[in-house]
There are 2 protein chains.
Amino acid sequence: MISFDGFTIEDGSPIYLQIILYIKRCIIAGTIVDGDELPSRRVLSALLGVNPNTIQKAYRLLEDEGLIQSHSGAKSCVVLDSRTLQRLRAELLESDIKNIISAMKQTGLEKEEVISLIKKYWE
Amino acid sequence: MISFDGFTIEDGSPIYLQIILYIKRCIIAGTIVDGDELPSRRVLSALLGVNPNTIQKAYRLLEDEGLIQSHSGAKSCVVLDSRTLQRLRAELLESDIKNIISAMKQTGLEKEEVISLIKKYWE
DNA sequence: GAAACCGTATTATATGAGTAATACAGTTTG
DNA sequence: CAAACTGTATTACTCATATAATACGGTTTC
């Protein structure tokens, strides 16, 4: 069963997107693997303190993307092959890295300053 | 007059917040300095293709934060001292860096991998 | 001084996000 | 088999974001 221990809802972006992003990052990290069971909509909504519809929206979009399968009655589970995993990895990492680079460039920082900041805050 | 040449509206976060962030980053970068004039609400709304009220909301919040001053009739302009600049710099950089670090950690990357990715994509 | 700007304010509307309360059919589990 | 779960669907409501169309008074500028 997939765990949501390291997950907390934050402001600034829709909850269903935060859930999707969390799951995708866990997939990339290898914390979530092919065949893993997801918590049911009701259980996860109670766990996170949000509405079941919000979970349903996240799961629905994950299913549209082919990352999970739902069987109407049984629990949903993760479906992964190596191509999907590679695509996910490229998508998320590139998008994250490009975002931070564009933000840092706009603030006038040089590559070396960014790297030293990352070293400083990584702990 | 402050330029919005390097600015394009993106999805994912409210437009008025994107405008605020852009101005703050220009202040940190030194592109915007004390006394600079802002484009009028109407002019900027036409330039960006958004509603004047959206610009007004961004400017209003910047004024609440003490970063700009408005004189009812005349154009708004930027008001900066060294303390404010230092505060802004710390706020934005820390927040950006911490975001990327938390995202990278969640995807299971090590510090060295992140640094090498940044070097790769910086061009 | 008048026209053309400026900031400010108001009211109305549309959309998306999130909540809330149900309902129904399929699957597990005892 | 029956109870307790599942996924799925529907309708209604609140709130924030963004748009739209004005209006009023102050400042520049010619």
Side-chain angles (χ1 to χ4, degrees), chain A residues 1-4 7-24 32 34-80, chain B residues 1-4 7-24 32 34-80:
Chain A
M1 171 73 70
I2 293 174
S3 156
F4 277 76
F7 179 75
T8 45
I9 295 171
E10 316 218 337
D11 291 354
S13 100
I15 298 174
Y16 73 96
L17 288 181
Q18 294 182 46
I19 294 172
I20 290 176
L21 196 58
Y22 174 77
I23 292 179
K24 285 184 175 178
I32 293 178
D34 183 67
D36 273 357
E37 267 188 354
L38 289 155
S40 82
R41 276 78 166 162
R42 290 175 239 264
V43 165
L44 185 55
S45 73
L47 190 66
L48 301 182
V50 302
N51 196 275
N53 298 341
T54 303
I55 311 294
Q56 164 65 7
K57 189 167 188 177
Y59 281 12
R60 168 77 181 196
L61 288 172
L62 285 169
E63 191 168 12
D64 289 346
E65 221 179 320
L67 296 178
I68 75 174
Q69 270 183 8
S70 305
H71 301 283
S72 183
K75 283 200 189 113
S76 302
C77 61
V78 176
V79 183
L80 287 176
Chain B
M1 173 71 70
I2 294 174
S3 156
F4 277 76
F7 179 75
T8 44
I9 295 171
E10 316 218 336
D11 291 354
S13 101
I15 298 174
Y16 73 97
L17 288 182
Q18 294 182 46
I19 293 171
I20 290 176
L21 196 57
Y22 174 77
I23 291 177
K24 285 183 176 178
I32 292 177
D34 183 68
D36 274 358
E37 266 188 355
L38 289 154
S40 82
R41 276 79 166 162
R42 291 176 240 265
V43 165
L44 186 54
S45 74
L47 190 65
L48 300 182
V50 300
N51 195 275
N53 299 342
T54 303
I55 310 294
Q56 164 65 5
K57 187 168 190 177
Y59 281 13
R60 167 79 181 195
L61 289 173
L62 285 169
E63 190 168 13
D64 288 347
E65 221 180 319
L67 297 178
I68 74 176
Q69 270 184 8
S70 304
H71 301 282
S72 184
K75 281 196 191 122
S76 302
C77 61
V78 176
V79 184
L80 287 176

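To find a chain, count down the sequence lines: A is the first, B the second, and so on, and within it residues start at 1.
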Residue-level proximity of residues 51-58 of chain B to DNA chain D when a heavy atom falls under 4.0 Å: B:Asn51, B:Asn53, B:Thr54, B:Lys57

For DNA chain C, what residues of residues 14-21 of chain A have any heavy atom nearer than 4.0 Å? A:Pro14, A:Ile15, A:Tyr16

List the residues meeting side chain to side chain contact (heavy atoms under 4.5 Å, CB included) with A:Asp34, not counting sequence neighbours, and say none if there are none. A:Val79, A:Leu80

Those residues that, when tested against B:Thr54, pass side chain to side chain donor-acceptor pair (under 3.5 Å) (two or more places apart): none

Pairwise side-chain contact, A:Leu61 with A:Ile20, heavy-atom cut-off 4.5 Å (strictly under): yes

For B:Asp11, what residues pass the salt bridge (charged side-chain N to carboxylate O under 4.0 Å, His left out) criterion, not counting sequence neighbours? none

Salt bridge (charged side-chain N to carboxylate O under 4.0 Å, His left out) partners of residues 45-74 of chain B, not counting sequence neighbours, each pair once: B:Lys24-B:Glu65, B:Arg60-B:Asp64, B:Glu65-B:Arg87

For A:Arg42, the salt bridge (charged side-chain N to carboxylate O under 4.0 Å, His left out) test, sequence neighbours excluded, returns none

Between the side-chain atoms of B:Arg42 and the base atoms of C:dG7, is any donor-acceptor pair under 3.5 Å? yes

Residues two or more places apart in sequence or in another chain: which of them pass side chain to side chain contact (heavy atoms under 4.5 Å, CB included) with A:Pro14? A:Tyr16, A:Leu17

Do A:Cys77 and A:Asp36 touch side chain to side chain, with heavy atoms closer than 4.5 Å? no

What integer distance in Å separates A:Arg60:CZ from D:dG7:P? 14 Å

Just wondering, do B:Thr8 and B:Glu10 contact through their side chains at under 4.5 Å, heavy atoms? yes

Whole Å only: how far is the CG atom of B:Leu44 from the P atom of D:dA18? 14 Å

When the distance from CD of A:Glu37 to P of C:dT27 is rounded to whole Å, what number comes out? 15 Å

Restricting to nitrogen or oxygen on both sides, can you table the protein-nucleotides 13-15 of chain D pairs closer than 3.5 Å?
none

What residues form a ring pair (Phe, Tyr, Trp, His ring centres under 6.0 Å) with A:Phe7, not counting sequence neighbours? A:Phe4, A:Tyr22

Tell me which residues in residues 70-79 of chain A lie within less than 4.0 Å of DNA chain D, going by non-hydrogen atoms. A:Ser70, A:Ser72, A:Gly73, A:Ala74, A:Lys75, A:Ser76

Rounding to 10 degrees, work out the angle separating the end axes of the helix from C:dG1-D:dC30 to C:dG30-D:dC1 (five pairs an end). 30°

Whole angstrom is fine here: how far is it from CD in A:Gln69 over to C1' in D:dT8? 16 Å

